[in-house]
Amino acid sequence: MSSEVLARREAVRTDRTARFERMVEIRALEDAVRGLFAEGLVHGTTHTCQGQEAVSVGVAAALRPTDSVCCTYRGHGMGMALGLTPQQVCGEIMGRVVGSIGGVGGSMHLCETSIGLLPTMAIVGAGVPVAAGAALTAQVRGTDDVAVAVFGDGAANIGAFHEGINIASIWKLPAIFICENNQYGEYSPIAATTPIANIADRAVSYGIPGEVVDGQDVDAVNAAVEAAAARARAGDGPSLLEMKTYRYAGHSRSDTAPYRPAGEFEKWYERDPINTFGARLVAEGLLADGEPEKITARVTEQVDAAVAEVKTADSPGVASMFENVLV
Amino acid sequence: MSSEVLARREAVRTDRTARFERMVEIRALEDAVRGLFAEGLVHGTTHTCQGQEAVSVGVAAALRPTDSVCCTYRGHGMGMALGLTPQQVCGEIMGRVVGSIGGVGGSMHLCETSIGLLPTMAIVGAGVPVAAGAALTAQVRGTDDVAVAVFGDGAANIGAFHEGINIASIWKLPAIFICENNQYGEYSPIAATTPIANIADRAVSYGIPGEVVDGQDVDAVNAAVEAAAARARAGDGPSLLEMKTYRYAGHSRSDTAPYRPAGEFEKWYERDPINTFGARLVAEGLLADGEPEKITARVTEQVDAAVAEVKTADSPGVASMFENVLV
Amino acid sequence: MARMRMNQAIAAAIGDEMRENPDVVTFGEDVAVAGGPFKTSDGLLEEFGPLRVRDTPIAEMGFMGAAVGAAATGLRPVAEIMFVEFLGVALDQLVTEAAKFNYLSGGTVRVPMVMRASVGAGLGFGCQHSQVMESWMVGSPGLKIAVLSGPGNAYGLTRAAIRDDNPVAVLEPRILYAVRGDVTTGVEGIIPLGQAATLASGNDITLVSCGSTVRTCLAAAGEADGWTADVIDLQTLQPWDTEAVLSSVARTGRLAVVEECPYSGGWGADIVAKVVSEAFGDLSAPPMRITAPDVHVPFGKELEQRYLPSAEYVTAQVGELLATGESPPHWWERDGALV
Amino acid sequence: MARMRMNQAIAAAIGDEMRENPDVVTFGEDVAVAGGPFKTSDGLLEEFGPLRVRDTPIAEMGFMGAAVGAAATGLRPVAEIMFVEFLGVALDQLVTEAAKFNYLSGGTVRVPMVMRASVGAGLGFGCQHSQVMESWMVGSPGLKIAVLSGPGNAYGLTRAAIRDDNPVAVLEPRILYAVRGDVTTGVEGIIPLGQAATLASGNDITLVSCGSTVRTCLAAAGEADGWTADVIDLQTLQPWDTEAVLSSVARTGRLAVVEECPYSGGWGADIVAKVVSEAFGDLSAPPMRITAPDVHVPFGKELEQRYLPSAEYVTAQVGELLATGESPPHWWERDGALV
Ligand SMILES: Cc1ncc(C[n+]2csc(CCOP(=O)(O)OP(=O)(O)O)c2C)c(N)n1
Ligand SMILES: Cc1ncc(C[n+]2csc(CCOP(=O)(O)OP(=O)(O)O)c2C)c(N)n1
Ligand SMILES: [Mg+2]
Ligand SMILES: [Mg+2]
């Protein structure tokens, strides 16, 4: 598994077509996951990221495998962008031993240290200071690794955001704070909870660069994260990047997003990150006409096969709950 | 006691000479308190506010008795500015029944609801959201009261600061957040913990006005708080005011402030809030030449007498620890 | 009397208090427009308006603090913590501020706030969203803690909590939100804090339960063969009804405390310690604790069910205690349990 | 062997670990330049430099989180919480992140961090700065908890905590920082976590203590007239040394747990509950808890001394238990106690 994961990690780093494929793969898996839940095949809850694929993949493309990433319960996309396989993600969601952490965590809990993915955290904001800590390791050891926290717009209102970024700034840590502004925290639109238009403006409070980025454009995301990473690796400290994006599905499995104004989804869908990037690759001549659709069909089939395979995988035994409690 | 406290409350609100006297009184009490500790006459610790008197008195002068104030362990000055008597403060510090809460709290814990002083909190930052809550009461009840949180520069780095101000902003609460920037959090100079020069700039994060105020000038403090209060009472939401001031003494009883650069204290002392205000009142003709000195002598004597009286007061009995645990 | 789900009973309780007292307000994440993530405040915004029913930012420290300040100045806020684990970012306001303000004001400031939180396992939320964490609150003087066990006491305890002049934590087993039951509404439905309910009577053992383990104990007692039990629902965990437990144990001579949480640090230890100190002579068998193991709440339906004490397990443990006169090993201590 | 104060022993332990392992770093508020508010890191900045010894902003959630992230990626951070109450703003990182990361990584991520915190009453810091709050941590699977009782074990337990691959909370009774004692330095001074120390041997009762109550119990046993006691210092509260306690009780037949914290929710209840379940037949008297009352820690020297269990009080309670065979009432339950 690990060599496959590393190869997938590398592909996204080096190949823009692979980035397109990965975005398609994420979308396909997330769609399949919502389907599994709808069918009642899975216990618990899930938080999918359709519409936000460009952020995950653009971030992953800009990072090295030795960099660390802290992300949230809405982590399937980020995990797969970094290299997790559909099996690992779906396996965890379905509670099977093939899951990323052996099926004892569920949808909110993925981890794969070989590609820098720290345990994903289900507590809003928690990853912000944790990423500062991972950056501290790089600074103390004198490596040029960076650490990244990916979190939502809603998380920008919690104390851990404030404390974690402030510490990273005062210690000039090689960290990048990436706010994935998908316009909603659960069922609340950002304007109901956040009194300013751009979370990037909060960088002022910490004396660090803050930038609004088009989160629907994987190239733009990639460029912004690369610049922030270069700055961090050079010892110039952290940055705050706000990726403007949109959550196509509801907050979690049970949410049909009735609170969304009519036409909002459609407006965002016009700039669907997969469609626009596919078109761009065609325009640039990197993909032939019609190839995006073919890739989509192929990748979706592969994902569906992976999901089918997971359905037949073993569940962890009783002993597993006693493992990894204390080292 | 209560009518005396209310009269003291009113004096500061209406009379600039009384403000001068109160600042002198605070200074005298704080000096006496450090003396009591040095003599070993008191249990525990204490945090005094010499040098910051203009902030306490300027704030109190701008507020009404029905407004609420949340402040910290460094609360003797704020308490007395609002109307607490030297006996109440010293009594609490010495653990006597004449203390503000009966002597069961100690130096960090004062309270007097008749003048709007909520329990002072010994947890850094805790008062920020609590003040938002007090402001919520005013908003829900439709009164035009305001709620004020007074906290230090160090508190501006803690999560409660961020969360509390953000909530106050999104709910447009009638709150005023007053950061008493005395240049240090315990033994750390602000630059060691805070990556920006002005905490007032953090107002940007919350879409509210932020203003730097000369905390050594009681008139300036008063004017700034009055403006913020007017705004709040008009329903226009909270403000963040940063009072630039200086802590003459160490952080707490045991701290001799060896970390202070040479000359720093002297530089600030040139603009001592009491001396400069005394001189201003003389210049304005409100006080006669030499009167500030006479007031200082008289008030200091009164404070010393109050302290002497407290020394003979009773300590609370064993039963007191069982009181007021549950209502 | 009305038949409703537990989440509806909670909304009804808050609504009835809001109707009677304009000082009652409620807020939390998605409490208003969405009617609560678990629909425990459904309809309140529509009836009482946005001044009294509010959505908050994701800022538990901020809005718990706001509850403290609001309560200290005269309102009666009901603040919702969506999953009790989130108190880990806000505990200070509840335990170190709210619970101490009365004391720290010489008795002049009351903090009549309610912190409601959903708790517990069984729904596949994973180990950061499935605990009860009452241990974070038990042992905090100045705080009361109520635990709901179904629609009936959900209504009665919630209203009592809102009326109480102390800060009260109300823990709501998430798995019971959808359970339907009969609810005595109105003032006569209010259940005083501090009183346990004895839900079944028997002779051989006292089963002490709370929250989600109440129905487990009732089912266990129902399935019992050859023994009968007093089943006590503590309802309030702090202060708990010592009298109800001691008088039952005086009669039955045996005690089993059934808890949802891990063995270490569980509230049941307090019950056992108190009973042995007060009623040692009455005991004909060692008091027993039936709990989850000292592990994280696992994901996966079977694992999670195994983790939680089941009715069958309670029946078996009690049976063994009665048969041997000794405390039986926990399931995970038995040979072959983990294979 | 060296004679030093407990705060010096802690600084020595951190320093020795830092010298041996470049991954060990330490930070907290005023830990570096000032050498720690209680001088528990004196000299470390000078020796190890600002990369490894740091002052933090006042941001417990932030720097505890930084400790989690640093530990998860290879460092061994030692983070200081100045007063344990401040964990109320940061508990999430310790209990819900650090303690669960190993599990949530399928065993691939270790979090070898130490959270040191000063705890306890006796110095007149008032009710928001004088508690022990071990209840916030006991019952958190994945976390170890050590409690210091003097310079000797301060050194040994601190080094063990830093070397442990799990997150470890080290609670340091503030009142003992200035106490001097003999310390075995070097690797042979390391005290394995999970092991109790039996500090006195006797026949009539087992006194279980931890942290500040260790010296209380030793003094009580020293003053005892007509009875002798095993005095056990648990040293590690989670996991605690069941074996040491059970084997002592098997011999003495009696148990008293002496705790600094309030009666409700105290760790002693766990000890009692375990002992009664495992050794009911060995007990010739009810296991007894000696604790503080369920109140806030009062200010004022006399009040605070009265609040804490004293050696004389322990002696008296044990004497009464032995004389009557019954658990005596707590001091605050006796007639006239409160006048
Ligand atoms: C401390 C905390 N509070 C509340 C929650 C419940 N919760 C889970 S996701 C979520 C919304 C988060 O919104 P945002 O940060 O925008 O991320 P998104 O879900 O949109 O990716 C909330 C409130 C939580 N997990 N942790
Ligand atoms: C949450 C929390 N962390 C740490 C402390 C310890 N502490 C007490 S005062 C203080 C310094 C606060 O600095 P600042 O906010 O500037 O206020 P000042 O003391 O200068 O008035 C610290 C760190 C505390 N009381 N609460
Ligand atoms: Mg969002
Ligand atoms: Mg300061």
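Computed from heavy atoms alone, side chains included, the values below leave out hydrogens, waters and symmetry copies. By convention in this document, chain letters (A, B, ...) are assigned in the order of the sequence lines, proteins followed by strands, and residues within each chain are numbered from 1.
The contact list for residues 320-327 of chain B toward chain D, using heavy atoms and a distance under 4.5 Å, reads S320(B), M321(B), F322(B), V325(B) by residue number.
Outside the 6.0 Å centre-distance limit, the rings of H109(B) and F125(D) are not counted as a close aromatic pair. The distance between the ring centers of Y263(D) and H330(D) falls below 6.0 angstrom.
Heavy-atom distances place no part of Y259(B) under 4.5 Å from chain D, backbone and side chain included. Residue I93(B) touches chain D through its backbone alone, counting heavy-atom pairs closer than 4.5 Å. Heavy atoms closer than 4.5 Å to chain B are found in both the backbone and the side chain of Y307(D). Only the backbone of A337(D) comes within less than 4.5 Å of a heavy atom in chain B; its side chain stays farther off. In this structure, the portions of P316(B) lying under 4.5 Å from any heavy atom of chain D include both its backbone and its side chain. For T56(D), the part lying near chain B is the backbone, with the side chain staying farther off; criterion is any non-hydrogen pair under 4.5 Å. Only the side chain of V124(B) has a heavy atom closer than 4.5 Å to any heavy atom of chain D. With a 4.5 Å cut-off on non-hydrogen atoms, L303(D) touches chain B through its backbone and its side chain both.
Within 6.0 Å of NZ in K301(D) there are 12 or fewer heavy atoms belonging to other residues, nucleotides or ligands.
Classified by interplanar angle (parallel below 30°, tilted 30° to 60°, perpendicular above 60°), the ring pair Y246(B)/W268(B) is parallel. H251(B) and H47(B) have perpendicular rings, their planes meeting at more than 60° on a 0 to 90° scale where under 30° would count as parallel.
When atom types are taken as modelled, the side chain of S41(D) and the backbone of G35(D) share a donor-acceptor pair closer than 3.5 angstrom. Within the 3.5 Å criterion, the main-chain N or O of R5(D) finds a donor-acceptor partner in the side chain of Q8(D). Counting only distance, with no hydrogens or angles, the side chain of S130(D) and the backbone of V297(D) share no donor-acceptor pair below 3.5 Å.
A salt bridge links D255(B) with R247(B): the closest approach of a Lys/Arg side-chain nitrogen to an acidic carboxylate oxygen falls below 4.0 angstrom.
The shortest distance between side-chain heavy atoms of R74(B) and E180(B) does not fall below 4.5 Å. Residues F63(D) and I81(D) meet the side-chain proximity criterion, which asks for heavy atoms closer than 4.5 Å.
Residue with the most contacts toward chain D among A122(B), A319(B), A192(B): A122(B) (heavy-atom pairs, distance under 4.5 Å). Among M82(D), E29(D), E60(D), the residue with the largest count of heavy-atom pairs under 4.5 Å with chain B is M82(D). Counting heavy-atom pairs closer than 4.5 Å to chain B, the top residue among M61(D), H296(D), E85(D) is H296(D).
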